[in-house]
Colleague: 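Mind looking over this structure? Questions follow.
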Amino acid sequence: MNQGYEDDSLTLHTDLYQINMAKTYWQDGIHNRNAVFDLYFRKMPFANGYAIYAGLEKVIQYIRDFRFCESDLAYLREEVKYEEDFLDYLRNMRFSGTIRSMKEGEVVFNNEPIIQVEAPLAEAQLIETALLNIVNYQTLIATKASRIRQVVNGEIALEFGSRRAQEMDAALWGTRAAFIGGFDGTSNVRAGKLFGMPVAGTHAHAMVQAYKDDYIAFKKYAESHRDCVFLVDTYDTLKSGVPAAIKVAKEFGDLINFKGIRLDSGDMAFLSKEARKMLDEAGFVDAKIFASSDLDEYTILHLKAQGAKIDSWGVGTKLITAFDQPALGAVYKLVSIEDEHGDMQDTIKISGNAEKVSTPGRKKVYRIINRLNHKSEGDYITLWDENPEEESRLKMFHPVHTYISKFVTDFDAVNLHETIFNHGELVYELPALQQIKGYAAENLNLLWDEYKRSLNPEEYPVDLSEKCWDNKMRKIEEVREKVDHLKKS
Ligand SMILES: Nc1ncnc2c1ncn2[C@@H]1O[C@H](COP(=O)(O)OP(=O)(O)OP(=O)(O)O)[C@@H](O)[C@H]1O
Ligand SMILES: O=P(O)(O)OC[C@H]1O[C@H](OP(=O)(O)OP(=O)(O)O)[C@H](O)[C@@H]1O
Ligand SMILES: O=C(O)c1cccnc1
């Protein structure tokens, strides 16, 4: 999308204040100081017990291609009035830092760094907006998809939301995220082409309206396709749609693969049960019933509770727009920065709300897995120089309500971060999408069911090591002393 420019990049896909800060750092000569930022979210989306991380593929593409092109620089020169020497600095900028990230498809929780950026201060600052933009949306959709997958269980779930998504990129990357979260395929053909996802589809009401008759429309479709799923609710599902589908299936016999029917309105519990009887009586016991129409995990659960005979669920609007929670709220916080002597100094952002106080320092995140039952005991955030793998007994305690604690022995501590870029060089090979999806499903098996139920799940422990916690308390104290001192002077 060049909008008339000869060249274009995603590098201006940032907030102006990031470039303004970069200019201040550059002018002051601190732009190359090593800085560490954590990307994390604070509250579990949809009040779910876990989230599924998606977005890494796009983050990699964005970082790999990070550079200001000439039309970006011309814009900054003419419209924002930046001086030539600063523009020269931007012209030569490439991302030269290190990015550590959890793997795509990882089961993630609030308040743990999903991505950690360690880079020259100005570079780390400039990429914030795009990273958050990507991860916030894709993680939200993967998580919503996973919630729907939990209730759909062993049946088929198809993503149908392109027409309702917040624009084209959202449809495309959203459906990829939904696939990672557990969907089986998409109606978006470009997603099939670009990501290798399975594509699937039936037909719309428009086709039945065009032929003005269920039977004629289905017959015409059968003449032009081998796989047939007929949409039966345009006029009257049980009186016209289902009988017409059965009639065409009988007439065409082996000439078509009659896969079933789709319901898109009305009482889908009642209609699916009646349609199932009609299909079975006609001998089409293998024909499947597809359902769509404003579905989400709640309607699907209710339909199942009513004994609906639905085999395949098409979900659009409520998935692709994350209808009940439109934002994940992930943030990007500076946790450590090099001082004038070359030493790293940890930084903190204070808030009146204890849960919002950032956790200082360059950190690692471990998943503590019980060797006896292969279930996760929780996640354990340490400072960089700690190694829980070498410890035989771990004290895990809640970082806010510290009296909630437990000791864990006989565990494996799995470091959840992979190095993606090392000093600017891409060193990570992204697995195939199918593998990422498999990884998400596999990792969910590490969680007790109590964390996975869609309603009122238990809170999964995300704890700080004692050293990490002490460091945080020390930083809080330092800030407090400084503020007290300012008040007095
Ligand atoms: N038995 C059922 N129990 C609970 N929810 C249902 C049941 N049957 C359908 N639904 C859901 O109820 C909602 C009905 O939507 P709506 O009122 O728009 O009617 P509709 O039958 O889809 O009609 P139309 O698409 O023609 O406007 C949809 O979200 C659908 O998934
Ligand atoms: O309801 P969603 O979860 O968003 O799923 C996608 C919807 O898109 C189509 O409807 P639409 O009314 O757009 O077209 P149609 O005429 O083919 O029904 C389809 O029939 C689904 O109802
Ligand atoms: O293939 C379908 O049935 C379909 C595709 C997109 C939206 N609604 C339905």
Side-chain angles (χ1 to χ4, degrees), residues 1-15 45 52-67 69 71-72 75 104-105 127-146 148 157-207 264 292-296 313-330 430 432-434 436-437:
M1 187 197 62
N2 286 3
Q3 298 289 99
Y5 288 105
E6 275 187 8
D7 58 2
D8 189 31
S9 83
L10 287 180
T11 311
L12 289 192
H13 187 91
T14 190
D15 298 299
I52 302 284
Y53 167 41
L56 183 57
E57 174 167 355
K58 197 166 180 181
V59 166
I60 290 175
Q61 289 176 7
Y62 165 76
I63 295 290
R64 206 188 42 203
D65 298 342
F66 181 87
R67 63 183 53 101
C69 68
S71 63
D72 294 340
Y75 176 81
E104 234 183 347
I127 65 173
E128 165 178 349
T129 307
L131 259 54
L132 284 174
N133 190 190
I134 296 166
V135 173
N136 264 314
Y137 174 66
Q138 293 195 35
T139 300
L140 196 64
I141 302 304
T143 307
K144 182 73 177 169
S146 182
I148 297 172
L158 298 172
E159 192 286 307
F160 278 177
S162 290
R163 64 192 57 206
R164 306 267 150 67
Q166 271 84 345
E167 261 284 359
M168 286 185 164
D169 252 17
L172 196 67
W173 290 94
T175 198
R176 179 182 178 278
F179 188 64
I180 292 173
F183 269 56
D184 297 293
T186 177
S187 59
N188 186 308
V189 189
R190 186 155 178 256
K193 175 186 160 194
L194 297 184
F195 303 133
M197 292 171 58
V199 290
T202 70
H203 67 80
H205 296 110
M207 193 188 78
D264 189 53
S292 54
S293 176
D294 260 331
L295 294 172
D296 62 9
W313 306 85
V315 186
T317 312
K318 292 204 168 147
L319 165 62
I320 209 71
T321 66
F323 200 76
D324 46 340
Q325 181 173 340
L328 176 66
L430 197 77
L433 187 58
Q434 193 68 46
I436 296 173
K437 177 188 174 71

Colleague: Mind checking whether D294 and K318 have side chains closer than 4.5 Å, heavy atoms only?
Modeller: yes
Colleague: Flag the pair L56 / L430 as yes when at least one side-chain heavy-atom distance between them is below 4.5 Å, and no otherwise.
Modeller: yes
Colleague: Donor-acceptor check, side chain of K437 to backbone of G105, threshold 3.5 angstrom: yes or no?
Modeller: no
Colleague: How close do Y75 and L12 get, heavy atom to heavy atom, and via which atoms?
Modeller: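 It is CD2-CD1, 4.1 Å.
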Colleague: Is any side-chain heavy atom of I180 closer than 4.5 Å to a side-chain heavy atom of Y53?
Modeller: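 Contact flag for I180/Y53 side chains = no.
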Colleague: Hey, are the side chains of F179 and D184 touching, using non-hydrogen atoms and a 4.5 Å cut-off?
Modeller: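 Answer no - side chains too far apart.
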Colleague: Measuring from atom CZ of F160 to atom OG1 of T317, what distance do you get when rounded to the nearest 0.5 angstrom?
Modeller: 12.0 Å
Colleague: Could you walk me through whether D296 and F323 satisfy the side chain to side chain contact (heavy atoms under 4.5 Å, CB included) test, starting with their C-alpha distance in whole Å, then the side-chain angles of each, then the deciding distance to 0.1 Å, before giving a yes or no?
Modeller: CA-CA 9 Å; D296 62 9; F323 200 76; over 6 Å; no
Colleague: Is the backbone N or O of A130 less than 3.5 Å from a side-chain atom of E128, with the two atoms forming a donor-acceptor pair by type?
Modeller: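 Absent.
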Colleague: So, taking the atom named NZ in K144 and the one named CG in L328, what distance separates them when rounded to the nearest 0.5 Å?
Modeller: 13.5 Å
Colleague: Closest approach of I141 and A177, non-hydrogen atoms and distance?
Modeller: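 Nearest pair, atom of I141 first, then A177: CB-CB, 4.1 Å.
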Colleague: Which heavy atom of L132 sits nearest to which heavy atom of A330, and what is that distance?
Modeller: CD2-O, 3.4 Å
Colleague: Under the side chain to side chain contact (heavy atoms under 4.5 Å, CB included) criterion, do Q434 and M197 qualify, and how do the steps go?
Modeller: CA-CA 8 Å; Q434 193 68 46; M197 292 171 58; over 6 Å; no
Colleague: Carefully, step by step, assess Y62 and I127 under the rule side chain to side chain contact (heavy atoms under 4.5 Å, CB included).
Modeller: CA-CA 9 Å; Y62 165 76; I127 65 173; 3.9 Å; yes
Colleague: Taking the six-membered ring for Trp, are the ring centroids of F195 and W173 within less than 6.0 Å of each other?
Modeller: yes
Colleague: Please report the shortest heavy-atom distance between L140 and Q325, naming the atom on each side.
Modeller: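 Nearest pair, atom of L140 first, then Q325: CD2-O, 3.3 Å.
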Colleague: Should T143 and T139 be marked as a side chain to side chain contact (heavy atoms under 4.5 Å, CB included) after you check the CA-CA gap, both sets of side-chain angles, and the distance that decides it?
Modeller: CA-CA 6 Å; T143 307; T139 300; 4.1 Å; yes
Colleague: Working to the nearest 0.5 Å, report the span between CD of E6 and OG of S71.
Modeller: 9.0 Å
Colleague: Is D65 close to L10 at the side-chain level, that is, under 4.5 Å between some pair of heavy atoms?
Modeller: no
Colleague: What pair of heavy atoms forms the shortest contact from R67 to R64, and how long is it?
Modeller: NH2-O, 4.2 Å
Colleague: Return yes if a side-chain donor-acceptor contact under 3.5 Å exists between N188 and S162, otherwise no.
Modeller: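 There is such a pair (donor and acceptor under 3.5 Å, judged by atom type) between the side chains of N188 and S162.
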Colleague: Assess, by modelled atom type and distance only, whether the side chains of S293 and D264 contain a donor and an acceptor separated by less than 3.5 Å.
Modeller: no
Colleague: Do side-chain atoms of D72 reach the backbone of C69 as a donor and acceptor pair under 3.5 angstrom?
Modeller: yes
Colleague: Please examine the side chains of L319 and F183, heavy atoms only from C-beta on, and report whether any two atoms are closer than 4.5 Å.
Modeller: yes
Colleague: With heavy-atom distances below 4.5 Å as the criterion, would you say the side chains of E104 and I60 are in contact?
Modeller: no
Colleague: Could you tell me which non-hydrogen atom of T175 sits nearest to which non-hydrogen atom of I320, and how far apart they are?
Modeller: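 The pair with the smallest heavy-atom distance is N-CD1, 3.8 Å.
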Colleague: Can you confirm whether R176 sits close enough to L172 that some side-chain heavy atom of one is under 4.5 Å from a side-chain heavy atom of the other?
Modeller: no
Colleague: Would you compute the distance between atom CG of L131 and atom NZ of K58 and round it to the nearest 0.5 angstrom?
Modeller: 11.5 Å
